Amino acid sequence: MKAIRDDAFGAEVLFVVEGLPSSAGMRLAGSLRGPDCSRATTLPVTVPLQPVASGRGVAARAVLTEPAPWTPELPNRYRLEARLDGGDALDESSRQPFGGWIALRRLGVSGRSFWLDGRRFVLRGGPAFAVAEATASLAAARSWNHAVIVDADRSDLASAGDAAAMERLLDAADRDGTFVVVVFSARHAASVAAITAFHPAAAFAIARDRGAADAFALLRAPSGPLVGLTIDGGSPPPADVGPADFLVVRVSAGGRPHDAWLDGPSLPLVACRADGGESGACDGLQATLARWAVERAGPVLPWDWSGYLALC
């Protein structure tokens, strides 16, 4: 799934079924219905899938003239119902209907900031949980306007049990409008890329090192999360950040970043520190960094942090 157009005139969503033995004579049929929202009631529409040519597989597009994007305030979703028609190579199992929930998440990076649905967005969250514990933190995280942090290295997302628990967590977060941030090392990069690909709540993934970021970038779907790279804030910023969309600057408890962070790099910077999970932990980190910046650069700052996490 990929949004190929999203502007004032509407949105076009492209769906592609890959890996088929032969796509000759096949077409992708079905519809997209919505929006459905847990926090508002909107008259839904049903949009038919329109077959299009694609070199990657069997493809179709859906055109939404008045799309409703997914945000924490209004977690709008659409229901995809699809099937493969035609083609001699299709067996009976391949002809079974398929689908699920999808959403339009207007999240991106502009300069040193995250932008969500046309507004600057500041990420907050913590502490980090194993996936088995994370679902219980959804209600508290939403009351603080925080994200839920899942530590993939304290779980086994390749196992059926933890993978199913992660799917349940993301389904609930999609429905309720709570962001989920997944922290991972290289051994979990493939599992994280697969499980976050179609969930609007899974908007941010944080690699523990450059190897994990590189492995994730090779597998990330177009609809997947932004990827962050964890960096030691006690040292100057690195010259090469690889595929990272943002950096997670690790600040020691009671410490401050290296002064060189005041001048770069020019992408979103998220500060993190192990301060526990209370709602004031991020506020305390924000206050500490504000004092540091004012002492070093004066009251008028050229940029601001794009997030505060208590997770390291």
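All values below were derived from every heavy atom in this structure, side-chain atoms included, with hydrogens, water molecules and symmetry-related copies excluded. None of these values were measured; they are calculated from a predicted model.
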From CA spacing to verdict: side chain to side chain contact (heavy atoms under 4.5 Å, CB included), W292, D259: CA-CA 9 Å; W292 164 74; D259 285 353; 3.3 Å; yes
Ignoring hydrogens and angles, tell me if any N or O in the side chain of [X] forms a donor-acceptor pair with the backbone of [Y] under 3.5 Å.
X    : Y    : answer
R256 : G233 : no
S235 : D232 : no
R142 : F179 : no

Quick one: do [X] and [Y] make a salt bridge, cutoff under 4.0 Å?
X    : Y    : value
R119 : E73  : yes
R208 : D153 : yes
R210 : D240 : yes
D36  : R175 : no
D6   : R106 : yes

Determine whether [X] and [Y] make a side-chain contact, defined as any pair of heavy atoms from C-beta on separated by less than 4.5 Å.
X    : Y    : result
M166 : S155 : no
L289 : W305 : yes
V47  : Y78  : no
D214 : P243 : yes
V148 : T178 : yes
W115 : L107 : no
H188 : V182 : no
V131 : D151 : no

Kindly work out whether a path of hydrophobic side-chain contacts (I/L/V/M/F/W/Y, heavy atoms less than 4.5 Å apart) joins [X] to [Y].
X    : Y    : result
F15  : V45  : yes
L169 : V192 : yes
I195 : V227 : yes
F98  : F198 : yes
F121 : V181 : yes

When rounded to the nearest 0.5 angstrom, what distance separates [atom1] in [X] from [atom2] in [Y]?
X    : Y    : atom1 : atom2 : result
I102 : S223 : CD1   : OG    : 9.0 Å
W101 : L170 : CH2   : CG    : 16.0 Å
S113 : D304 : OG    : CG    : 8.0 Å
L123 : C282 : CG    : SG    : 8.5 Å

Stepwise side chain to side chain contact (heavy atoms under 4.5 Å, CB included) check, D245 with F204: CA-CA 10 Å; D245 299 303; F204 303 91; over 6 Å; no
Evaluation steps, side chain to side chain contact (heavy atoms under 4.5 Å, CB included), between V248 and R250: CA-CA 6 Å; V248 178; R250 189 171 58 246; over 6 Å; no
Going by atom type alone, with no hydrogens or angles, which donor-acceptor pairs under 3.5 Å involve a side-chain atom of residues 59-70 and a protein atom two or more places apart or on another chain?
{"unit_1": "R61", "atom_1": "NE", "unit_2": "Q50", "atom_2": "OE1", "d": "3.2"}
{"unit_1": "R61", "atom_1": "NH1", "unit_2": "E12", "atom_2": "OE1", "d": "2.6"}
{"unit_1": "R61", "atom_1": "NH2", "unit_2": "Q50", "atom_2": "OE1", "d": "3.3"}
{"unit_1": "W70", "atom_1": "NE1", "unit_2": "D174", "atom_2": "O", "d": "2.9"}

Salt bridge (Lys or Arg N to Asp or Glu O under 4.0 Å) between D283 and R124, worked out: CA-CA 9 Å; D283 294 338; R124 295 172 180 268; 3.1 Å; yes
Working for side chain to side chain contact (heavy atoms under 4.5 Å, CB included), residues I206 and T230: CA-CA 7 Å; I206 298 175; T230 305; 3.3 Å; yes
